[in-house]
Asks: 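First the structure, which I've put down as structure tokens, then a few questions once you've had a look.
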Amino acid sequence: MSDRLSWPASWEEQRAADDASYREQLAYLLERSPFYRAKLSGADPGDGLDGLAHLPLTEKHELKATCTADNPIGAHLCVPMSEVVRVYSTSGTTGAPSYIPLTASDLANWVTGSARSYGASGVEKGDRVITTYNAGPFVAGAALDAFTLIGVNHIPVGTGSSERLLLAIEQLRPDAVVVTPSYAEHLIELADLRDSTVRRVLVAGEPGGGEPGFRAKLERGFGAHVTEAMGIGDIGPSLWGECEEQAGMHLGAFGFVHAELIDPETGRPRELADGASGELVLTHLRHRAAPLLRFRTRDHVEVWTSPCACGRNTPRVRCHGRTDDMLIVRGVNIFPSAVREVVATFAPRVSGRVLVRPSAAGVKQEPPLPVTVELAQQAAPDSDLAAAIRGRLRDVLVVQTVVELVPWGSLQRSDYKSRLVDR
Ligand SMILES: [Zn+2]
């Protein structure tokens, strides 16, 4: 195995190395980053990583506010554009895209981190791997080079034609496919893949792969092991990757990225301890082009720091959703993925697809919360079923809902990401 793909001997040892990297990164920011020179003026950086939590958080909108016609990247750009080897865009689901510049060393570190994350899933040199990311302008494209580093036989198919993808699975006989959870769900409706050669399904791009009910559905449909990976455009692709133990995603970008946890409402730090949950905050450790410090990811995660049976000594996370998707019903936080997970327990009577339709604008909602549930193929609407779903949602998530059952095929299918909330 290449040194670039080895894991730390212990987390303490990694933490000590990260502390040294962070001190250099902070000095670099104060010297090179107009954004952080202004933001950190007067702040006490304390002593290395132990002092990090005293520094202010970075919000995406703050970075965007510094973009100008002369500098469309933003004031966090630390190098002349002549040193930049690539510029990605974030997908810009809300507003104009952000540009993500990388130096050659930034790009190499992204590929190394992604290769560790995908390597954790068990794919190895010699395996055939079909990927469905459309590299294009987006950060996920950089993760594709990770498969070259691992040494697999990489077969990029992209999205756009499911027929072509299914034909490639049949003819090229891959060991693994890399897809979004939504596309994986769609593929097993289109074809019976239980007898295909696929033994591993690597999902990323949205939550779902780690929800037990949804994962079980994909594993049944593919007759394969499902593991997930996660990144965030502004920091890096595939920062986290799940091993075969399926016990959460390991930090594969260790040494390049430092992870913290905060209370999403107050912004106060929470200890990154076994079983803790909160919003993930990430800091670059060795980035050059446009490094970020304490960047709010808006991803709500659960964390584990206890040893994993696989022996990889980095923290693990499971993402339950993004702040943007969260609703608050009478003080209770509800992620639509949690609604889907509860509804999935009614399979095979339901298809597993749901759409939460909040009646008011904004995050805060008055009960009952309207939820549309798609029935299984050939299933007829049944008021007892709707009542049973409503009852289980109330018992598990402590939320009053009104459940509407709709025929199979009514809710959107996607070869990218699914919308679980209709705002
Ligand atoms: Zn593990």
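Being a predicted model, the structure only gives us computed values, none of them experimental.
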Asks: Do Leu166 and Leu193 come close enough that some side-chain heavy atom pair is under 4.5 Å?
Replies: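 Yes, close enough: below the 4.5 Å cut-off.
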Asks: Hey, what do you get for OH (Tyr416) to OH (Tyr133), rounding to the nearest 0.5 Å?
Replies: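 Those atoms lie 9.0 Å apart.
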Asks: Show me the pairs that pass side chain to side chain donor-acceptor pair (under 3.5 Å) and involve residues 303-312, at least two apart or across chains.
Replies: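 Residue pairs with at least one partner in residues 303-312: Asp274-Ser306.
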Asks: Give the minimum heavy-atom separation between Ile169 and Thr197, together with the two atoms involved.
Replies: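 Looking at all heavy atoms of both residues, the closest pair is O-OG1, 4.3 Å.
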Asks: Who passes side chain to side chain contact (heavy atoms under 4.5 Å, CB included) against Arg200, sequence neighbours left out?
Replies: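 If we apply the side chain to side chain contact (heavy atoms under 4.5 Å, CB included) test to Arg200, skipping adjacent residues, the hits are Val123, Ala176, Leu202, Glu244.
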Asks: Any donor and acceptor pair, going by atom type alone, linking the side chain of Gln365 with main-chain N or O of Gly362 inside 3.5 Å?
Replies: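 Looks like yes, one N/O pair under 3.5 Å.
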Asks: Using a 6.0 Å distance limit plus a 45 degree cone around the ring axis, check whether Arg194 lies over the aromatic ring of Phe222.
Replies: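 No, Arg194 does not lie over the aromatic ring of Phe222.
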Asks: Going through the distances and angles, do Thr112 and Phe256 end up as a side chain to side chain contact (heavy atoms under 4.5 Å, CB included)?
Replies: CA-CA 10 Å; Thr112 300; Phe256 308 129; 4.0 Å; yes
Asks: Show your reasoning for whether salt bridge (charged side-chain N to carboxylate O under 4.0 Å, His left out) applies to Arg215 and Glu242.
Replies: CA-CA 13 Å; Arg215 165 177 284 174; Glu242 192 170 30; 2.5 Å; yes
Asks: Is there side-chain contact between Pro348 and Gln377, with at least one heavy-atom pair below 4.5 Å?
Replies: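 They are not in side-chain contact.
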Asks: Kindly compute the distance separating CG (Leu77) from CG (Leu63), expressed to the nearest 0.5 Å.
Replies: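 Here the rounded value is 11.5 Å.
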Asks: For His154, check ring pair (Phe, Tyr, Trp, His ring centres under 6.0 Å) against everything at least two apart and list the hits.
Replies: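 By the ring pair (Phe, Tyr, Trp, His ring centres under 6.0 Å) rule, His154 matches Phe147.
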Asks: Tell me which pairs pass side chain to side chain donor-acceptor pair (under 3.5 Å) where either residue lies in residues 166-181, with sequence neighbours left out.
Replies: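 The answer is Asp175-Arg199.
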Asks: Mind listing the closest non-hydrogen atom pair of Ala75 and Ser33 along with its distance?
Replies: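 Looks like O-OG, 3.9 Å.
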Asks: Taking atom types as modelled, is there a side-chain donor on Glu219 or Gln246 under 3.5 Å from an acceptor on the other?
Replies: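 The criterion, which ignores hydrogens and geometry beyond distance, is satisfied for Gln246 and Glu219.
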Asks: Which pair of heavy atoms, one from Tyr88 and one from Pro137, lies closest together, and at what distance?
Replies: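 It is CD2-O, 3.2 Å.
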Asks: List in chain and number order the residues that pass side chain to side chain contact (heavy atoms under 4.5 Å, CB included) with Asp106, two or more places apart in sequence or in another chain; answer none if no residue qualifies.
Replies: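 Expected list: Leu102, Thr103, His287, Arg288, Ala289.
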Asks: Can you find a heavy atom in the side chain of Asp127 that is under 4.5 Å from one in the side chain of Asn153?
Replies: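 In short, these two side chains do not touch, never coming nearer than 4.5 Å.
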Asks: Any sub-3.5 Å donor-acceptor pair from Ser196's side-chain atoms to Val198's backbone N or O?
Replies: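 Between the backbone of Val198 and the side chain of Ser196 there is a qualifying donor-acceptor contact (under 3.5 Å).
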Asks: What distance do Arg296 atom CZ and Ile232 atom CD1 have between them, rounded to the nearest 0.5 Å?
Replies: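 Those atoms lie 12.0 Å apart.
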Asks: If you look only at pairs with a residue in residues 347-359, which of them pass as a side chain to side chain donor-acceptor pair (under 3.5 Å), with sequence neighbours excluded?
Replies: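 Side chain to side chain donor-acceptor pair (under 3.5 Å) check on residues 347-359 returns Glu185-Arg353, Glu189-Arg353, Arg349-Asp382, Ser351-Glu374, Arg357-Thr372, Arg357-Asp422.
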Asks: Among all residues two or more places apart in sequence or in another chain, which pass the ring pair (Phe, Tyr, Trp, His ring centres under 6.0 Å) test with Tyr36?
Replies: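 Applying ring pair (Phe, Tyr, Trp, His ring centres under 6.0 Å) to Tyr36 gives none.
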Asks: Keeping to residues at least two apart or across chains, list the salt bridge (charged side-chain N to carboxylate O under 4.0 Å, His left out) pairs with something in residues 49-58.
Replies: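 Residue pairs passing salt bridge (charged side-chain N to carboxylate O under 4.0 Å, His left out), neighbours aside: Arg15-Asp50.
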Asks: Just verifying a value: how many Å separate Leu144 CG and Ser114 OG, rounded to the nearest 0.5 Å?
Replies: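 Between atom CG of Leu144 and atom OG of Ser114 there are 9.0 Å.
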Asks: Looking at every non-hydrogen atom in both residues, tell me the closest pair between Glu211 and Ser337 and how far apart they are.
Replies: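 What the structure gives for the nearest pair is OE2-CB, 3.0 Å.
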Asks: When you measure from the side chain of Glu279 to the backbone of Arg298, do you find a donor-acceptor pair of N or O atoms at a distance under 3.5 Å?
Replies: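 A pair under 3.5 Å: yes.
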Asks: Within the side chain of Ser418, is there an N or O that forms a donor-acceptor pair under 3.5 Å with the backbone of Leu420?
Replies: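 Pair absent, no side-chain N/O of Ser418 close to backbone of Leu420.
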Asks: Between Lys364 and Val329 (side chain of the first, backbone of the second, donor and acceptor by atom type, cut-off under 3.5 Å), is there such a pair?
Replies: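 No, Lys364 side chain to Val329 backbone: no donor-acceptor pair under 3.5 Å.
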Asks: Spell out, as yes or no, whether a donor-acceptor pair under 3.5 Å connects the side chain of Lys39 to the backbone of Leu57.
Replies: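 Checking the backbone N and O of Leu57 against the side chain of Lys39, a donor-acceptor pair under 3.5 Å is found.
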Asks: Just to verify, which of Leu385, Val403, Leu411 counts as forming a side-chain contact (heavy atoms from CB on, under 4.5 Å) with Val373?
Replies: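 The option that passes is Val403.
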Asks: Please step through side chain to side chain contact (heavy atoms under 4.5 Å, CB included) for the pair Val356 and Arg419, ending with a clear verdict.
Replies: CA-CA 9 Å; Val356 178; Arg419 213 166 40 119; over 6 Å; no
Asks: Measuring from Ile188:CD1 to Tyr183:OH, what's the distance to the nearest 0.5 Å?
Replies: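 With rounding to 0.5 Å, CD1 (Ile188) is 13.0 Å from OH (Tyr183).
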Asks: Between Ser238 and Ser117, does a side chain to side chain donor-acceptor pair (under 3.5 Å) hold up when you go through it step by step?
Replies: CA-CA 6 Å; Ser238 316; Ser117 296; over 6 Å; no
Asks: Would you check if the side chain of Arg294 reaches a backbone N or O of Leu55 as a donor-acceptor pair within less than 3.5 Å?
Replies: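 Between the backbone of Leu55 and the side chain of Arg294 there is a qualifying donor-acceptor contact (under 3.5 Å).
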Asks: Taking Leu369's backbone N and O only, do any of them form a donor-acceptor pair with Gln400's side chain (distance below 3.5 Å, no angle check)?
Replies: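 No, Gln400 side chain to Leu369 backbone: no donor-acceptor pair under 3.5 Å.
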Asks: Would you sort out whether Thr283 and Val257 count as a side chain to side chain contact (heavy atoms under 4.5 Å, CB included), showing the intermediate values?
Replies: CA-CA 6 Å; Thr283 295; Val257 171; over 6 Å; no
Asks: Report the residues that fulfil side chain to side chain contact (heavy atoms under 4.5 Å, CB included) with Ala229, sequence neighbours left out, ordered by chain and then residue number.
Replies: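 Side chain to side chain contact (heavy atoms under 4.5 Å, CB included) check on Ala229 returns Tyr118, Ala204.
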Asks: Is the shortest side-chain heavy-atom distance between Pro407 and Leu375 below 4.5 Å?
Replies: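 They are not in contact (no side-chain heavy atoms under 4.5 Å apart), so the answer is no.
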Asks: Among residues at least two apart in sequence or on other chains, which ones pass side chain to side chain contact (heavy atoms under 4.5 Å, CB included) with Arg392?
Replies: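 With neighbours one apart ignored, the set is Val342, Thr345, Phe346, Val396.
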Asks: If I compare all heavy atoms of Gly255 with all of Asp18, which pair ends up nearest, and what's the gap?
Replies: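 Here Gly255 and Asp18 meet closest at CA-OD1, 3.3 Å.
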Asks: Given side chain to side chain contact (heavy atoms under 4.5 Å, CB included), test Ile235 with His284 step by step and report yes or no.
Replies: CA-CA 7 Å; Ile235 300 288; His284 281 127; 3.8 Å; yes
Asks: In the structure I gave you, are the side-chain heavy atoms of His320 and Val301 within less than 4.5 Å of one another anywhere?
Replies: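 With C-beta onward as the side chain, the pair stays apart.
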Asks: Would you give the length of the straight line joining atom CD of Gln25 to atom CG of Leu293, rounded to the nearest 0.5 angstrom?
Replies: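 That separation rounds to 8.5 Å.
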Asks: Going through the distances and angles, do Asp263 and Arg268 end up as a salt bridge (charged side-chain N to carboxylate O under 4.0 Å, His left out)?
Replies: CA-CA 5 Å; Asp263 177 322; Arg268 276 201 279 275; over 6 Å; no
Asks: With no hydrogens and no angle check, is any side-chain donor or acceptor of Asp19 less than 3.5 Å from a backbone partner on Leu49?
Replies: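 It does hold such a pair.
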Asks: Restricting to ring pair (Phe, Tyr, Trp, His ring centres under 6.0 Å), what partner residues turn up for His250, sequence neighbours left out?
Replies: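 With sequence neighbours excluded, His250 shows a ring pair (Phe, Tyr, Trp, His ring centres under 6.0 Å) to Trp7, given in chain and number order.
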Asks: Tell me, which pairs form a salt bridge (charged side-chain N to carboxylate O under 4.0 Å, His left out) where one or both residues lie in residues 222-240, sequence neighbours left out?
Replies: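 Counting only pairs at least two positions apart or across chains, the salt bridge (charged side-chain N to carboxylate O under 4.0 Å, His left out) contacts touching residues 222-240 are Lys60-Asp234, Glu228-Arg318.
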Asks: Any side-chain to backbone donor/acceptor pair from Gln14 onto Pro8? Under 3.5 Å, distance only.
Replies: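 A pair under 3.5 Å: no.
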